[in-house]
4 protein chains.
Amino acid sequence: MSTAVDKRRVILDAAVRVFARQGFHTCRVADIADEAGVAYGLVYHYFASKEAILDTLFLERWDVMVAAIAEADASSRPPREKLHAIASFIVDSYRHDPDLMKVIIVEVTRAANTFGRTHLDKIMQAFDGIAAIVEHGQRDGIFRSEVDARFAAQAFYGLIEQVLTQWIFGNVPADAAGFEHAKSELVDIICGGLDA
Amino acid sequence: MSTAVDKRRVILDAAVRVFARQGFHTCRVADIADEAGVAYGLVYHYFASKEAILDTLFLERWDVMVAAIAEADASSRPPREKLHAIASFIVDSYRHDPDLMKVIIVEVTRAANTFGRTHLDKIMQAFDGIAAIVEHGQRDGIFRSEVDARFAAQAFYGLIEQVLTQWIFGNVPADAAGFEHAKSELVDIICGGLDA
Amino acid sequence: MSTAVDKRRVILDAAVRVFARQGFHTCRVADIADEAGVAYGLVYHYFASKEAILDTLFLERWDVMVAAIAEADASSRPPREKLHAIASFIVDSYRHDPDLMKVIIVEVTRAANTFGRTHLDKIMQAFDGIAAIVEHGQRDGIFRSEVDARFAAQAFYGLIEQVLTQWIFGNVPADAAGFEHAKSELVDIICGGLDA
Amino acid sequence: MSTAVDKRRVILDAAVRVFARQGFHTCRVADIADEAGVAYGLVYHYFASKEAILDTLFLERWDVMVAAIAEADASSRPPREKLHAIASFIVDSYRHDPDLMKVIIVEVTRAANTFGRTHLDKIMQAFDGIAAIVEHGQRDGIFRSEVDARFAAQAFYGLIEQVLTQWIFGNVPADAAGFEHAKSELVDIICGGLDA
DNA sequence: CATGAATGAGACTTCATTCAT
DNA sequence: TATGAATGAAGTCTCATTCAT
């Protein structure tokens, strides 16, 4: 029936909120079940473990992002606009669902000892996509050739992640103006540099 | 006696290795005691808790870094060289004791849900110091004024952290040449940008 | 319809295989449903509980055995042949359906803490039947009177069970020759003793 | 200090009582801790798992029994007396500590799906020892040569185990007279057979 | 200072059973 | 009959911390 609730989805969404609020290591599976309003055991009916929930959450979203990066590169726009498209995608992802992005960044992408290592290949796919954009920009003479493309990709991604981290930490107001400002500033710095 | 071993130090050093290898959440206090070659209870004689060990490790090192940033800014060198000095300090810190830097970054700086939040003020001190350098560069007309100094500081730090993360993940060879190359590349990108 | 499958029977047969393979305590009801190729819930449509399945399996077979023992005693054959008939029946039961016999012996007959205690009366019926044969043999002067009939019955049954246990454990090859040999050897030892 | 209680021993002894009373699968580790009067965690300080406790209990006792069998065979007594010595050892073991013997037989020796399989080699050592006695008796012309020695060993052991099982089940009074009677009867049947 | 036994709360996971469809 | 989602109690094992010596 179309009105039937997809309990699996309910659990996933609840997990996002709980992971974001308490952190993966600190929360209990019971918290997720409570937040979702389902019985404890149902969580294990749909997921093999607490980790599997986080994995699912990460993969669902990350694949979309990798696709967005590839799509940006596929267009015929200038490389600066491609990077802007990526920055926009990520910032808008945060704007749309800050909890989910928080979880992905804090618990997976930046967790080098646990999930980050597990999903290293996936994470690298994003870097590869960005590096490709840089390379194409260099090939077309828009970007300087002296810079190592992969290095630049790391720089760009690290920069974005740091900006999101400030929002996550609450150090910087995460409002509409801030979001739009960040998109431009991000690209302006990586492309234009600090030098006058 | 000068030859007496400082057990507190021994425990701290062992903790670095254990945290780096297994991660803070995954390791047990017993692992630290074993690695240090001391009795279980002695860890609690010197430290109030497992967390206190990580706190100590972080603060010991972070204070030195904040001082190094301040020192860099205090010199009369051009801002680009100041940033290079900071990049050098951090990269050399990693070169000298990769385990310690790994622990600080992975378990504290990037752990927005746990220690990162606890030590937010300390972490911000580093950002403030870098922002000051950018501001001074802008004041002197060396850096562009359109860029937000704090934003630029985040960018620079995020960039460095991402580079270190690659070494930590083992994605990029962490050898002498790589270290020196990174220092220059880092500063080149943040100052010169990607644009041709 | 005669071609309709009796799902209850399918479940029972599947349970035999699962219990034999994994053991009653180690297997899950889901394993039985999977093995039977039926829906989870159907198991509970036909049986009140996991235990009820084992009970059913045991009683179905044990009653047949008790009847076989009574029948053996009812004949006018010499007691040694009666015992041989019993040994034959049990050994052939194993030959015909080793999984079922394994389950009955391992999970019921030898499980003094759980099902063995539950079905004690049934189990005793078999002993009583064997004891009756011994008593009749003694009454007819074929068997020595000094021996306690019930004690002898235990001995005979324990002996058979031990032989089956060896096959179950896989210590001894369970082939046609072994089966026939066991039948004779069993009776030879209990009747003839070891003495030269 | 000699008056210090060996908590490990206390736990082991408590486990015997709990396993005997409730059965291995049915009891909880908490029950053992309670029975021992120690904290829950201490059980895991001394033993890796609930299974490890049972393993320890079994091995401690079984090794003594295997040694007793070997010792019996080493003497120059007639084989019938050797078997009597073994029967006496086992029966006296039960008389001395019925709970321990119950646990060993019910939870290990007769548990073909779980611990019995794990300790198969150990269990076989006992059979081997008994088989050796039978062989020596045959070599000396005291026992009939037609009988397979290993088969006879199984028979003898199965017989003893069945007698103990009756005591465990409570079907037969386990008193001093019963113990002594059983020792003789056991040997009388296996050696003399039922035939008049 | 040093040791390591002792404590016990806590969390994950399992799975028999129920129930709505 | 048949399905499989939903429930929740129960139990094992972990491990930070305390404490007696």
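Note on naming: letters A, B, ... go to the chains in the order of the sequence lines (proteins, then strands), and numbering restarts at 1 for each one. In this text the structure is predicted, and so the values were computed from the model without any measurement.
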Roughly how many Å is it from CG in Asp31(D) to P in dA10(F), rounded to a whole number?
-> 13 Å
Heavy atom of residues 8-27 of chain A under 4.0 Å from DNA chain F: which residues?
-> none
So how far is it from Asp31(C) CG to Phe19(C) CZ, rounded to the nearest 0.5 Å?
-> 10.0 Å
Should Ser93(B) and Arg61(B) count as side-chain neighbours, where that means a heavy-atom distance under 4.5 Å?
-> yes
Can you pull the contact range of chain A along DNA chain E, 5' to 3', using atoms under 4.0 angstrom from its heavy atoms?
-> dA11(E) to dT14(E)
Provide, to the nearest angstrom, the distance between the CZ atom belonging to Arg28(A) and the C1' atom belonging to dT14(F).
-> 16 Å
State the NZ-CG distance between Lys7(B) and Leu12(B), to the nearest 0.5 angstrom.
-> 14.5 Å
Got Asp63(C) and Lys122(C) here, is their nearest side-chain heavy-atom distance under 4.5 Å?
-> yes
Does any N or O in the side chain of Lys50(A) come within less than 3.5 Å of the main-chain N or O of Val29(A), such that one atom is a donor and the other an acceptor?
-> no
Can a donor-acceptor pair be found between the side chains of Gln22(D) and Asn113(C) at a distance below 3.5 Å?
-> no
Determine, stepwise, if the pair Leu100(B) / Tyr94(B) fulfils side chain to side chain contact (heavy atoms under 4.5 Å, CB included).
-> CA-CA 8 Å; Leu100(B) 178 58; Tyr94(B) 183 81; over 6 Å; no
Side chain Lys102(C), main chain Ile168(C), donor-acceptor under 3.5 Å | no
Identified ring-ring contact (aromatic ring centres under 6.0 Å, His included) partner of Phe115(A) from the options Trp62(A), Phe24(A), Phe58(A) | Phe24(A)
Across the strands shown, which category fits Tyr46(C) at heavy-atom distances under 4.0 angstrom: base, sugar-phosphate, nothing?
-> sugar-phosphate
Smallest separation among heavy atoms of Ala36(C) and Val10(C), with atom names = O-CG1, 3.5 Å
Secondary-structure notation, DNA chain E, from Watson-Crick and G-U pairs under 3.5 angstrom (| other strand) | .||||||||||||||||||||
Report the distance from atom CD1 of Ile104(D) to atom CG of Leu164(D), rounding to the nearest 0.5 Å.
-> 10.5 Å
Under 3.5 Å between N/O atoms: give me all the protein pairs with nucleotides 7-9 of chain F, atom names plus distance.
from: dT7(F); atom 1: OP2; to: Ala39(A); atom 2: N; distance (Å): 2.9
from: dG8(F); atom 1: N7; to: Gly41(A); atom 2: N; distance (Å): 3.0

Any side-chain heavy-atom pair from Met101(D) and Asp97(D) closer than 4.5 angstrom?
-> no
Quick one: side-chain hydrogen bond (donor to acceptor under 3.5 Å, both in side chains) partners of Arg8(D), sequence neighbours excluded?
-> none
Scan side-chain atoms only and decide if Thr165(A) and Arg110(A) contain a donor-acceptor pair under the 3.5 Å cut-off.
-> yes
Going by heavy atoms in the side chains, are Gln125(C) and His119(C) under 4.5 Å from each other?
-> no
Of all of residues 48-60 of chain A, which get a heavy atom below 4.0 angstrom from DNA chain F, listed by number?
-> none
